[in-house]
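Single-structure report; data block below.
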Amino acid sequence: MSAPNSDIEVAGQSLHHRSTAAALSGSFGSKDAVYEEKYADMGVSTPDSIREHGQPKLKRSLKGRQMGMIAIGGTIGTGLFIGSGTTLGTAGPAGCLVAYLVIGSMVFFVCTSLGEMSTFIPTSDPFNHFAARFMDPSLGFAFGWNYWYSWMLTVASELVACGIIVQYWLPHVNGVVWSLIALVIMFLLNAISVRGYGEAEFWMSSLKVLTVFVFLIVGILTLTGVAGGHFIGGQNWHIEGAPFKDNIVGILKSCIIAAFSFQGTEIIGVTVGECANPRRDVPRAIRSVFWRILFFYISSILIIGLVIPNDDENLVNASGAGDVGISPFTMVFQAAGADWAAHIMNAVVLITVLSAGNSGLYACTRVLWVLAKEGKAPRFLRKVTKSGVPIWALTFTAVWSTVIFCISLAGNQKVYVFLINLSGLSGIGFWMGIGLCHWRFRRAYVAQGYNILDLPYRAAFFPFGPIYACSLLVIIIIGQGYGTIWPSFDALGFVSTYLALPLFLIFWLGWKYIKKTKWIKLVDVDLTSGTLLEMERNGDIEVFPPEGPWTWKKYVRWMKRSKEIQAVE
């Protein structure tokens, strides 16, 4: 075992070599050549974040308010509006609350890990880029395509949900019509510009936030008897099956359901590549994750568990977006005497589904574009419009989502359920990838002699955070197949649940065999190219956006960043 300082000493030589090469280069072109030669020797494609000249690029047009609402929009979805009822019926009010607290804490650590890396290296495909950069390029290939097909399948499922939801009002019109209209809307919002996507998400997320606010107020009024006509208090915590139903087994089952409810929170990492001010806006969005989870999820789950009995038969039957009539949110409004609530919640769930599909299409497009830039996807997908939209990557994703949607129309529901189950476990997989990448990033950062205090944003409680998150995710992956084994073995369900694992291995090991990639040593991890500091120094990102009034605080921060940039030079 080598001495502790030996790695840092070697790293210092490596860093000196990189800085010398950059200093000797008279232009960015020669500097890029140095990086390209370095990566070619390692069997790695040049990172997408290295500066490219004369090529269309994504536009950094997302503002702080849009980033904040996109982060919130990724948190509030059908998992909260619909899935929360299933967890209540499975684990009871207290068990349901514990499950969401546990999974919420895990999601918090996943988001802070992603935030630390994304703020240091702003890229539009953190799942591929970080895995390829900090561990093995073949792992990056696997994580990138894993993320793409997971969200592509999710977009297809949202199209199905849109048709079902609108039929709640118009049962005599074929749901396919509304599904296709939803696809056109999602496509146009993404095709216009990233600002169009951000603005749409801002207003759709605002509506979801308003709904939760109103729900919490109505829930409190119902509990106290102000609305609904009678005082409820905590009586539903003392009925049969409460507060804990099936004890630890019920909690574990609810944890698995809750984990899928939170999927989408990681999309904030994809938007970093088009954020106007990642140094300011990304940490702000990430820091608010804890409070968003605590307020929107935990408060809502608490109200639902207090107002609705856990043995209500409607909770057992609520299994999808089409069951909005028995959404726990609707049931609370009805308990308050608002029988018209089903129509309001139906509209909210429709907006939620459109938001999820819109975000999924955006994430797929950006991830696929970066894969194409790095030679891990067909070259034609690199095409970017003048407004900064990867149009062919967007079209490619929309076409495949439509194909999967058409499979559901053929009546072969087993194939459709098979594909949706495949996307579910894939989502858990890239969360685990974030934790592993963060672990490697921090170790490489320290091994190369850098000071943790210099990071633009630092994740709290390292190394506990990624260890805790990854351990919990392993339990969820194992527990996901519990229902396919007990009380009887369901071969099709078992295969569809776990097919994502061998598929990931095929992507990983296949690319490794073809490209002969190697595991990257800590001292060889590239921590200099494509970083936020380099982009600020090169002028790719403004230290602070030029528009807006200058205040003394803004001036002091600008002076501090300018000195840091000059010190590096």
Side-chain angles (χ1 to χ4, degrees), residues 75 79 87 90-91 95-118 126-127 130-131 134-136 139-140 142-143 146-147 150 244 246-266 268-269 286 289-290 293-294 297-298 301 423-446 452 458-486 497-498 500-505 508 519 522:
T75 305
T87 57
T90 301
C96 175
L97 194 61
V98 169
Y100 274 90
L101 282 169
V102 170
I103 299 301
S105 64
M106 180 269 291
V107 171
F108 168 74
F109 286 120
V110 169
C111 288
T112 53
S113 292
L114 180 60
E116 178 174 299
M117 295 184 292
S118 294
F127 315 103
F130 294 151
F134 304 145
M135 295 188 289
D136 185 339
L139 272 175
F143 276 120
N146 180 82
Y147 192 79
S150 174
F244 293 97
D246 289 342
N247 299 318
I248 188 65
V249 175
I251 293 175
L252 289 176
K253 289 180 180 179
S254 292
C255 281
I256 294 170
I257 299 171
F260 290 98
S261 299
F262 279 106
Q263 285 191 16
T265 53
E266 78 291 333
I268 189 67
I286 296 297
V289 167
F290 174 79
I293 292 173
L294 182 65
Y297 267 87
I298 305 305
I301 294 299
S423 70
L425 196 61
S426 299
I428 301 297
F430 49 72
W431 277 359
M432 182 173 290
I434 292 170
L436 294 174
C437 287
H438 186 215
W439 174 266
R440 285 281 299 179
F441 167 70
R442 272 289 190 101
R443 290 188 64 199
Y445 197 83
V446 172
I452 298 297
R458 295 188 303 278
F461 305 111
F462 184 90
F464 171 78
I467 293 175
Y468 169 77
C470 288
S471 300
L472 197 56
L473 287 167
V474 169
I475 295 174
I476 292 171
I477 291 174
I478 295 173
Q480 180 61 24
Y482 175 82
T484 65
I485 299 174
W486 190 90
T497 298
Y498 288 112
L501 297 179
L503 188 59
F504 179 85
L505 291 175
W508 175 20
W519 188 265
L522 293 178

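- Contact check for C111 versus V107: side-chain heavy atoms found under the 4.5 Å cut-off.
- To the nearest 0.5 angstrom, M117 atom CE is 5.5 Å from C437 atom SG.
- In this structure, F462 CZ and F441 CZ are separated by 9.5 Å, a value rounded to the nearest 0.5 Å.
- Here CE of M135 is found 5.5 Å from CG of L436. Values are rounded to the nearest 0.5 Å.
- The minimum heavy-atom distance between I452 and R458, with the atom names listed, is O-CD, 3.1 Å.
- Using a 4.5 Å heavy-atom cutoff, the side chains of R440 and F130 are not in contact.
- Y468 and F464 have parallel rings, their planes meeting at less than 30° on a 0 to 90° scale where 60° marks the start of perpendicular.
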Test side-chain contact (heavy atoms from CB on, under 4.5 Å) applied to F504 and L139, step by step: CA-CA 9 Å; F504 179 85; L139 272 175; 3.9 Å; yes
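- Side-chain contact between L114 and P126 is present, with heavy atoms from C-beta onward closer than 4.5 Å.
- Residues Q263 and W431 share a closest heavy-atom pair of CA-CZ2, 3.7 Å.
- Considering all non-hydrogen atoms of both residues, N146 and S426 come closest at ND2-O, 3.2 Å.
- Side-chain contact between T90 and D246: absent, with no pair of heavy atoms (C-beta onward) separated by less than 4.5 Å.
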Verdict with supporting geometry, V98 and F244, side-chain contact (heavy atoms from CB on, under 4.5 Å): CA-CA 10 Å; V98 169; F244 293 97; 4.1 Å; yes
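- Between L101 and S105 there is no side-chain heavy-atom pair separated by less than 4.5 Å.
- The CE atom of M432 sits 8.0 Å away from the OG atom of S471 when rounded to the nearest 0.5 Å.
- For the pair F127 and E266, the minimum side-chain heavy-atom distance is below 4.5 Å.
- Considering I478, L472, I477 as possible partners of V474, the one that fulfils the side-chain contact (heavy atoms from CB on, under 4.5 Å) test is I478.
- The minimum heavy-atom distance between I257 and T87, with the atom names listed, is CG2-CG2, 3.5 Å.
- When all heavy atoms are compared, the tightest approach of W439 to P463 is CZ3-CB, 3.4 Å.
- Under the salt bridge (charged side-chain N to carboxylate O under 4.0 Å, His left out) criterion, E116 pairs with R442, not counting sequence neighbours.
- Note: F109 and H438 fail the aromatic proximity criterion, with ring centroids not under 6.0 Å apart.
- Taking the side chain as every heavy atom from C-beta outward, Y297 and S261 approach each other to under 4.5 Å.
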Does Y147 form a ring-ring contact (aromatic ring centres under 6.0 Å, His included) with F143? I'd like the steps, not just the answer. CA-CA 6 Å; Y147 192 79; F143 276 120; over 10 Å; no
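- Remark: L505 pairs with W508 by the side-chain contact (heavy atoms from CB on, under 4.5 Å) rule, at least two apart or across chains.
- Nearest heavy-atom pair, Y498 versus G479, reported as atom, atom and distance to 0.1 Å: OH-N, 4.5 Å.
- If you take SG on C96 and CD1 on I301, they are separated by 4.0 Å, rounding to the nearest 0.5 Å.
- Summarising the geometry, atom CG belonging to L501 is positioned 11.5 Å from atom CD1 belonging to I428; distances are rounded to the nearest 0.5 Å.
- Looking only at side-chain heavy atoms (C-beta outward), I103 and I476 come within less than 4.5 Å of each other.
- Between the S118 side chain and the G115 main chain, no donor and acceptor come within less than 3.5 Å of each other.
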